[in-house]
J.: 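Shown below is the structure under consideration.
These numbers come from a predicted model, not from an experiment. Just so you know, ligand 1 is whichever comes first in the structure, and atom 1 is the first atom listed for that ligand. Every heavy atom of this structure was used, including side-chain atoms; hydrogens, water molecules and symmetry mates were not.
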Amino acid sequence: MEIQNKYNQFWPFSNSYLKLPNVFFEIRVPEKTKNPKLIKYNRSLSQELNLNIKDTNLIKDLFSGNYISEKAKTIALAYSGHQFGNFVPNLGDGRAILLGEVTKKNGTLFDIQLKGSGKTKFSRNGDGKAPLGPVIREYIVSEAMNALSIPTTRSLAIISTGEKVFREKTLPGGILTRVASSHLRVGTFQYCQILNDLDKLKKLCDFAINRHFPAIKNMKNPYLELLVQLQEKQTYLISKWMSVGFIHGVMNTDNTSISGETIDFGPCAFMDKYDPNAVFSSIDFKGRYSFSNQPGIAQWNLARFAEAILPLIHENEKLAISQANEVINEYPRIFKQKWLRIMGRKLGLEKTETNDETLINDFLNIMSKNNLDFTSTYRNLCNHYILNENNNIEIDNWKNEWNQRLKKERIEFQTISKKMKKINPLYIPRNHLVEKVINEAVYKDNFQPLEEILNLITKPFSEKIEDTFYSVTPKSGEQVFQTFCGT
Ligand code: AMP
Ligand code: MG
């Protein structure tokens, strides 16, 4: 039976992006896949999104791109971006297609996008496909981020396409269904900047404001306020990343979302041992996106955003620049405030005291000097334990300072400990485990480890007594020193 008739033109998506001028997108349908298999469907997310589809064939056909209703207009989005500091005018969705939006029960819109669904006019020399490995990786890491209460795009489905994708090796293909508050990026505004068309820029900014910051619509200068809001979102996001040892790996302006969500999980990683200079991405030769560079890079990306919308901030360019600078100069202060708050809470500190910053930094230094695991060390601290090592004066001193500081909280440690265990995770998607899950899935068709890791990382704070899967440290041969885009 013809697939169209079979589903009776069921189509749960709308598409507000189509109201923008058509230079912002290409109308395009996904390529068909020959032998799609539904590897994973995120049922709880589908319920949140009001997508209660019971028919698993329909789920498979929808999220493999094989069924697109005749009335649908699916699109690839245009954007530019600074990649590792170099401006590239023509990026865009080279391997992703936006099916459209769904509306959550509270009225907010969410984009539903297929990633790896074939070529678009933005594909340049790429094939528009994604190998299954990176698709699984994005699913795991994005769902982990969400469980850690870090703003992030989500993952709704994994499809294996049954097709081969040619990279350095021949690999099985996959498609990820990504869910995002929107796919507006700093790079979308940079794309508009080079169009040099004030009307289009205004339409784009108004679209972003309506979608993400409706409360600022009627302010005196909503466009300057848009910059303020974005700064608020980005400082919050990066402070959250820093608090769990997350390295994004490719913080290009096209990978910086206006919604403030973590987006585009490529060569990202959670640190094992704490090293402020850690770099994982195999393509980050100069360490531009190292762990400790992330706050500064986000500020740099914000400055690129400000440049893109300057003509709307003020018609007088000089004034526009000085107003934008005034906002962005506040970045370090705002970031630090958020970072201190979150890092303090990791140590059980709810109040703020003048010496907290030193206490936090001294603890980080102890971790880096002693090669300690970032996640486990914080978790152990919840049980008032650092290292099974006598005569480490530095650690003893630090513990004394911390004990003194805890007294000022005026709460018994048992209660503090409980709170600490709610923000210091036990389970993160450690690189060696993610690699293991991917290898089992891709080369052995074994998806059981995927289920096991998802069970742990989606409830990262609660200890599973009977778990045998999770290991903090890799066995020899399992170490991961570099992560790859794998696109
Ligand atoms: P990303 O590394 O995912 O941030 O992608 C950077 C740019 O390269 C985006 O414009 C992507 O659409 C494009 N791109 C990445 N991989 C492919 C591919 N396999 N085919 C076409 N375009 C791609
Ligand atoms: Mg990208």
J.: What atoms of ligand 1 come closer than 4.0 angstrom to any heavy atom of Gln83?
T.: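 Counting from 1, the qualifying ligand atoms are 6 (C).
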J.: Any idea how His82 and Phe87 line up, ring-wise: parallel (<30°), tilted (30 to 60°), or perpendicular (>60°)?
T.: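 His82 and Phe87: tilted rings.
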J.: Quick one: does Gly128 get within less than 4.0 Å of ligand 1, heavy atoms only?
T.: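 For ligand 1, residue contact (heavy atoms, under 4.0 Å) with Gly128 is present.
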J.: Atom 10 (O) of ligand 1: which of Gly92, Gly81, Gly94, Gly187 has the nearest heavy atom?
T.: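 When every heavy atom of Gly92, Gly81, Gly94, Gly187 is considered, Gly92 comes closest to atom 10 (O) of ligand 1.
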J.: So if I apply the side-chain contact (heavy atoms from CB on, under 4.5 Å) rule between Phe335 and each of Met242, Gln231, Gln234, which one comes out positive?
T.: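 Testing each of Met242, Gln231, Gln234 against Phe335, the sole residue satisfying side-chain contact (heavy atoms from CB on, under 4.5 Å) is Met242.
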J.: Measuring from the Mg ion (ligand 2), count protein N/O/S atoms under 2.8 Å, please.
T.: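 If we list every protein N, O or S atom nearer than 2.8 Å to the Mg ion (ligand 2), we get 2.
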J.: Decide whether the shortest distance between a heavy atom of Lys115 and an atom of ligand 1 is less than 4.0 Å.
T.: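 Flag not set, Lys115 not near ligand 1.
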J.: Which of the numbered atoms in ligand 1 are below 4.0 angstrom from a heavy atom of Leu91?
T.: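 Here the atoms of ligand 1 in question are 10 (O).
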J.: What atoms of ligand 1 come closer than 4.0 angstrom to any heavy atom of Gly126?
T.: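 Matching atoms, with element in brackets: 20 (N), 21 (C).
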J.: At what distance, to the nearest 0.5 angstrom, does CG of Leu201 lie from CG of Leu312?
T.: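 Leu201 CG to Leu312 CG: 4.0 Å, rounded to 0.5 Å.
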J.: Under 4.0 Å from ligand 1, counting heavy atoms only, is it the side chain of Lys129, its backbone, both or neither?
T.: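 Backbone only; the side chain of Lys129 stays clear of ligand 1.
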J.: Report, in ascending order of atom number, the atoms of ligand 1 lying under 4.0 Å from any heavy atom of Arg124.
T.: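 Reading through ligand 1 atom by atom, the close ones are 7 (C), 8 (O), 10 (O), 13 (C).
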J.: Is it the case that Lys217 and Asn210 place a side-chain donor and acceptor less than 3.5 Å from each other?
T.: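 Distance-only check passes for Lys217 and Asn210.
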J.: Establish, for the pair Arg341 and Trp339, whether the NZ or CZ atom is under 6.0 angstrom from the six-membered ring centre and no further than 45 degrees off its axis.
T.: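 No, Arg341 does not lie over the aromatic ring of Trp339.
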J.: So for ligand 1, is Arg95 a polar contact partner (N or O within less than 3.5 Å, distance only)?
T.: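 Indeed, backbone or side chain, Arg95 has an N or O that close.
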J.: Run the numbers for me: atoms of ligand 1, each under 4.0 Å from some heavy atom of Arg167, listed by number.
T.: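 This gives 19 (N) as the contact atoms.
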J.: Nearest to atom 19 (N) of ligand 1 by heavy atom, Asn90, Asp127, Asn125, Asn255: which?
T.: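 When every heavy atom of Asn90, Asp127, Asn125, Asn255 is considered, Asp127 comes closest to atom 19 (N) of ligand 1.
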J.: What residue among Tyr331, Tyr223, Phe189, Trp300 forms ring-ring contact (aromatic ring centres under 6.0 Å, His included) with Phe305?
T.: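 The ring-ring contact (aromatic ring centres under 6.0 Å, His included) with Phe305 is passed solely by Phe189 among Tyr331, Tyr223, Phe189, Trp300.
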J.: Which one holds for Tyr79 and ligand 1: side chain close, backbone close, both close, or neither close, with close meaning a heavy atom under 4.0 Å?
T.: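 The side chain, only.
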J.: Please confirm whether Lys119 comes under 4.0 Å of ligand 1, counting heavy atoms of the residue only.
T.: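 Not so, Lys119 does not reach ligand 1.
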J.: Tell me yes or no: between the side chains of Asn66 and Thr33, is some donor less than 3.5 Å from an acceptor?
T.: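 Looking only at side-chain atoms, Thr33 and Asn66 do form a donor-acceptor pair, the distance falling under 3.5 Å.
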J.: Provide the number and element of each atom of ligand 1 under 4.0 Å from a heavy atom of Asp264.
T.: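 Near Asp264, the atoms of ligand 1 are 3 (O), 4 (O).
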J.: Can you list, pair by pair, the side-chain donor-acceptor contacts under 3.5 Å of residues 110-119, counting residues two or more places apart and other chains?
T.:
from	atom 1	to	atom 2	distance (Å)
Asp111	OD1	Arg211	NH2	2.8
Asp111	OD2	His183	N	3.1
Asp111	OD2	His183	ND1	2.9
Gln113	OE1	Arg178	NE	3.0
Gln113	OE1	Arg178	NH2	2.9
Gln113	OE1	His183	NE2	3.3
Lys115	NZ	Glu138	OE1	2.7

J.: Which residue, Arg137, Lys459, Arg154, Lys40, forms the salt bridge (Lys or Arg N to Asp or Glu O under 4.0 Å) with Glu143?
T.: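 The residue from Arg137, Lys459, Arg154, Lys40 that satisfies salt bridge (Lys or Arg N to Asp or Glu O under 4.0 Å) with Glu143 turns out to be Arg154.
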J.: Identify the residue among Leu204, Ile258, Thr253, Asp254 that makes a side-chain contact (heavy atoms from CB on, under 4.5 Å) with Thr188.
T.: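 Only one option passes, and that is Leu204.
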J.: Could you tell me whether Glu326 atom CD has more than 12 heavy atoms of other residues or ligands within 6.0 Å of it?
T.: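 Not more than 12 within 6.0 Å, no.
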J.: Answer yes or no: is there a side-chain heavy-atom contact under 4.5 Å between Phe84 and Tyr289?
T.: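 Result yes, sub-4.5 Å side-chain heavy-atom pair found.
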J.: Give a yes-or-no answer on whether the side chains of Lys346 and Asn424 include a donor-acceptor pair shorter than 3.5 Å.
T.: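 The criterion, which ignores hydrogens and geometry beyond distance, is satisfied for Asn424 and Lys346.
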